[in-house]
Amino acid sequence: MRGYERADREACLSLFDSNVPPYFAPSERADFAAFLDDLPGPYLVLEDLNGDIVACGGFGPTRQDDTVAILCWGMVRRDQHGCGLGRQLLAARLDLIATDPRFRTVRIETSPLSRGFFERFGFIVDRVVPDGFAPGLDLVAMALDLGGSGANPRA
Ligand SMILES: CC(C)(COP(=O)(O)OP(=O)(O)OC[C@H]1O[C@@H](n2cnc3c(N)ncnc32)[C@H](O)[C@@H]1OP(=O)(O)O)[C@@H](O)C(=O)NCCC(=O)NCCS
């Protein structure tokens, strides 16, 4: 696990592509590319033993409330889903967030397909927006209270 560098841009975009569809809509690719070009906070990449990037994800503060960290653009290469990489990536991000005493809540906006993953680690759904990401792709807004008793992603 290490910090994102500009040279990782294409590899991260191909992780995105591997998840289209159903996890991301093609129309979101430009947003992700723009995000990579102007990161709002820490962004991590996870390499396999060959040095290939197999997962990436980050977080940033929210503009409206600086006690809230928002997880951004987390993803695992499609052929590596279910191998524990998503858990590692989430644990690393939550560890970094925990080093900043400002943050009391972690938020994520994800799709219904990944909702169960975040519920597994204590996130609670507070809003579902039909077609919120793109036609046919609902947005599920979820929150984790850092004072709460969510499952440890390392467990
Ligand atoms: C969501 C995502 C990051 C999960 O990563 P992953 O590497 O497949 O998950 P892991 O293998 O680490 O799974 C950890 C645990 O969560 C469970 N889990 C994984 N995906 C799940 C899902 N979609 N729903 C419910 N549980 C899930 C696993 O079964 C495992 O449980 P266990 O500890 O009981 O064995 C991955 O599926 C992904 O990249 N999806 C596409 C992008 C995406 O939706 N990102 C979310 C933010 S927008």
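When a ligand or atom number is given, it counts from 1 through the structure's own listing order.
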*Asks:* Purely on distance, is any nitrogen or oxygen of Asn19 under 3.5 Å from one on ligand 1?
*Replies:*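 Asn19 vs ligand 1: no N/O contact under 3.5 Å.
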*Asks:* Please state which option from Pro22, Ser114, Ser18, Ala91 has its nearest heavy atom closest to atom 1 (C) of ligand 1.
*Replies:*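 Comparing heavy atoms across Pro22, Ser114, Ser18, Ala91, the nearest one to atom 1 (C) of ligand 1 lies in Ser114.
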*Asks:* Does the N or O separation between Met75 and ligand 1 drop below 3.5 Å for any pair?
*Replies:* no
*Asks:* Is Tyr23 touching ligand 1 with its side chain, its backbone, both, or neither, if touching means heavy atoms under 4.0 Å apart?
*Replies:* side chain
*Asks:* Please state whether Phe118 comes within less than 4.0 angstrom of ligand 1, counting heavy atoms only.
*Replies:*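 It does, in that a heavy atom of Phe118 comes within the 4.0 Å cut-off of ligand 1.
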*Asks:* Counting heavy atoms only, which part of Ala55 comes closer than 4.0 Å to ligand 1: side chain, backbone, both or neither?
*Replies:*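 The answer is neither.
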*Asks:* Which bit of Arg120 is near ligand 1, meaning a heavy atom under 4.0 Å away: side chain, backbone, both or neither?
*Replies:* side chain
*Asks:* Using a 4.5 Å cut-off on heavy atoms from C-beta on, say whether the side chain of Glu119 contacts that of Met142.
*Replies:* yes
*Asks:* Any side-chain to backbone donor/acceptor pair from Asp131 onto Asp138? Under 3.5 Å, distance only.
*Replies:* no
*Asks:* Looking only at distances, please establish whether an N/O atom of ligand 1 is found under 3.5 Å from an N/O atom of Arg87.
*Replies:* yes
*Asks:* Hey, would you say the Tyr43 and Phe35 ring centroids sit under 6.0 Å apart?
*Replies:*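 For Tyr43 and Phe35, the ring centres are under 6.0 Å apart.
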*Asks:* Any side-chain heavy-atom pair from Arg77 and Leu15 closer than 4.5 angstrom?
*Replies:* yes
*Asks:* For ligand 1, note which part of Val76 has a heavy atom under 4.0 Å away: side chain, backbone, both or neither.
*Replies:* both
*Asks:* What do you reckon, does Leu113 have a nitrogen or oxygen under 3.5 Å from a nitrogen or oxygen of ligand 1?
*Replies:* yes
*Asks:* Quick one: does ligand 1 sit under 4.0 Å from the side chain of Trp73, the backbone, both or neither, non-hydrogen atoms only?
*Replies:*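 Answer for Trp73: neither.
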*Asks:* Charged N to carboxylate O under 4.0 angstrom, Asp37 versus Arg9?
*Replies:*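 Yes, this pair counts.
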*Asks:* Are Arg102 and Asp65 ion-paired here, with the side-chain N under 4.0 Å from a carboxylate O?
*Replies:*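 Salt bridge between Arg102 and Asp65, a charged N being under 4.0 Å from a carboxylate O: no.
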*Asks:* Can you confirm whether or not the ring centre of Phe24 sits under 6.0 Å from the ring centre of Trp73?
*Replies:* yes
*Asks:* Below 3.5 Å, N or O to N or O, backbone or side chain included: is there any such pair between Gly74 and ligand 1?
*Replies:*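 Indeed, backbone or side chain, Gly74 has an N or O that close.
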*Asks:* Side chain of Asn19, backbone of Tyr23: donor and acceptor closer than 3.5 Å?
*Replies:*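 Between the backbone of Tyr23 and the side chain of Asn19 there is no qualifying donor-acceptor contact (under 3.5 Å).
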*Asks:* Looking only at distances, please establish whether an N/O atom of ligand 1 is found under 3.5 Å from an N/O atom of Gly86.
*Replies:*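 Yes, Gly86 has an N/O under 3.5 Å of an N/O on ligand 1.
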*Asks:* If you take the nearest heavy atom of each of Gly84, Pro112, Ser111, which one is closest to atom 10 (P) of ligand 1?
*Replies:*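 Of the listed residues, Gly84 has the closest heavy atom.
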*Asks:* Would you mind listing every salt bridge (charged side-chain N to carboxylate O under 4.0 Å, His left out) that reaches into residues 25-35, with sequence neighbours excluded?
*Replies:* Asp17-Arg29
